[in-house]
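Structure first, commentary second.
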2 protein chains.
Amino acid sequence: MKTRDKILLASLELFNERGERNTTTNHIAAHLAISPGNLYYHFRNKSDIIYEIFQEYEKLVDYYLDIPEDRPLTVADMTFYLESVFDGLWSYRFFHRDLEYLLDCDPRLRSDYRDFTNRCLAAMKTIFEKLAEAGIVQKQPEELREVMALNIWLVVTNWMAFLKTAHASTGDEGLSLTALKQGIYQVLTLEMPYLMPEYRDEVMSLRERYRPVLPEQRDSDVA
Amino acid sequence: MKTRDKILLASLELFNERGERNTTTNHIAAHLAISPGNLYYHFRNKSDIIYEIFQEYEKLVDYYLDIPEDRPLTVADMTFYLESVFDGLWSYRFFHRDLEYLLDCDPRLRSDYRDFTNRCLAAMKTIFEKLAEAGIVQKQPEELREVMALNIWLVVTNWMAFLKTAHASTGDEGLSLTALKQGIYQVLTLEMPYLMPEYRDEVMSLRERYRPVLPEQRDSDVA
DNA sequence: CTATTATTAGAGTATATACTCTACTCAGTC
DNA sequence: GACTGAGTAGAGTATATACTCTAATAATAG
């Protein structure tokens, strides 16, 4: 593997583990047992590394959110979207953690990220629309779809951060895949009131699969 | 005003304006035209300043979320809760911005913040319960109240961050009070499906007051 | 008036961070 | 077999950051 790619990979790994703020270019170089100079031979600065990682993230999510035009959506599609998005969020979780600072540092990133957000919101609106066409959820006015998409976006992108703040430990230890996927439970709860009777049971039992094991888990580890 | 209090005030101001990460103790001292040594006479370290500011924040929100036990809740109460919480969020907006890092730095803060979150969620659950008793929203099972409260928490605490990322500018310029209060529109949209017919019109017209002026505002400032 | 304590200034320190510079290696190539 | 240029090492730099130390001054109590 090329050094350049190794740098990207190691950066992502360290950013996710310890946060971008706590990861210096020297750390990255040391982790790869290369010199800082070498790192700066491949990247002009830290921002460029972050920007490239973001572009990977963007590409991945865009790929996940591809919507078939030739057929109606199914509940399985919806499951896939939810699972994929949370997987992507996990793989690049450092990004949303320090989002505001990162955007302040790099105007390119700010602009690209805004476009990215808008694409995601548009995709979600389309998904709603197609779910309605498929008779899975009720047909909603354009405006409501818009606001709903935004609410789901907020829940999805901040679920991980919530879990981290809700846990006693500092690192990733407390973050199980079960807990992460419980975010899907939260999202499906938002959709619940809009389900069509014909699909209600199916979606509800799907939702059930993501229910937290212990309902009061969050309180169980109070000091 | 005592120097100690001035330090807290200036810190909050600078944190909110430029972010905690971009605000050093030297900046704070310079802003007040006092020496760094003086600042460190009053506070052992930066974490202590942040911790005290958090305690103010906590106190304010706890005060806002006080729930009357002797009478049923009204739509006016709900409005007050929403308005107050967003006001508080605005006054201490630096806090949620760098939350994860701040909690990583200070175990006291982590623990206190978790308790704070749980208190807020509990308050929200109680509010739902009392709104149901008052016949404003449908009576819901305990479990649903819990999940709903969490979703609203996510929307409320991250609405500001979303607005900042959605705008082209770096600082606070793009953040109008109108935009901020649009968060209330988002929250009321979540509650919408659970409204009782008797109060539906009243709450819906309340919601209407917070509707964004331009539906596609987010796209209007694309570079 | 004096002794003590609270408050302040301001220079100084240890450490870290992003990044630079110079020099070296070594694989390919004409 | 000299030449080129991508790749690498590693010491070095400018700056910043959180924080300390010493000494001076203002306030207050006895």
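We name chains A, B, ... by the order of the sequence lines, and we start the count at 1 in each one.
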Give [X] one of three labels, base, sugar-phosphate or nothing, depending on what nucleic acid heavy atoms sit under 4.0 Å from its own.
X      : result
A33(B) : sugar-phosphate
N26(B) : base
L39(B) : nothing

Nearest whole Å is fine: how far is [N] [atom2] from [X] [atom1]?
X       : N       : atom1 : atom2 : value
M1(B)   : dT7(C)  : CE    : C1'   : 17 Å
Y40(B)  : dC19(D) : OH    : C1'   : 5 Å
R21(B)  : dT17(C) : CZ    : P     : 11 Å
D106(A) : dA18(C) : CG    : C1'   : 15 Å
N38(A)  : dA23(C) : CG    : P     : 18 Å
H27(A)  : dC19(C) : NE2   : C1'   : 15 Å
K6(B)   : dT7(C)  : NZ    : P     : 13 Å
D48(A)  : dA18(C) : CG    : C1'   : 13 Å

If the cut-off is 4.0 Å, is [X] near the phosphate of [N], judged by side-chain N/O to OP1 or OP2?
X      : N       : result
Y41(A) : dT8(D)  : no
T3(A)  : dT8(D)  : yes
N45(B) : dA18(D) : no
S35(B) : dG10(C) : no
H42(A) : dT8(D)  : yes

Should F54(B) and L102(B) count as side-chain neighbours, where that means a heavy-atom distance under 4.5 Å? no
Here the pair of heavy atoms bringing T79(A) nearest to R209(A) is CG2-NH2, 4.3 Å
Establish, from distance only, whether the side-chain atoms of Q186(B) and Y210(B) form a donor-acceptor pair under 3.5 Å. no
Cationic tip of R145(B) within the cone over F128(B)'s six-membered ring, i.e. under 6.0 Å and within 45° of the normal?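 So R145(B) doesn't make the cation-pi contact.
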Charged N-O contact under 4.0 Å between D98(A) and R21(A):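 Between R21(A) and D98(A) there is no salt bridge, as every charged N stays at least 4.0 Å from the carboxylate O atoms.
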Compare the minimum distances between each of dT17(D), dG10(D), dG7(D) and the side chain of T24(B), then state the nucleotide with the smallest one.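 That would be dT17(D).
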Can you tell me which nucleotide in dA18(C), dT20(D), dA9(D) comes closest to the side chain of I34(A)?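 Nearest nucleotide to the side chain: dA9(D).
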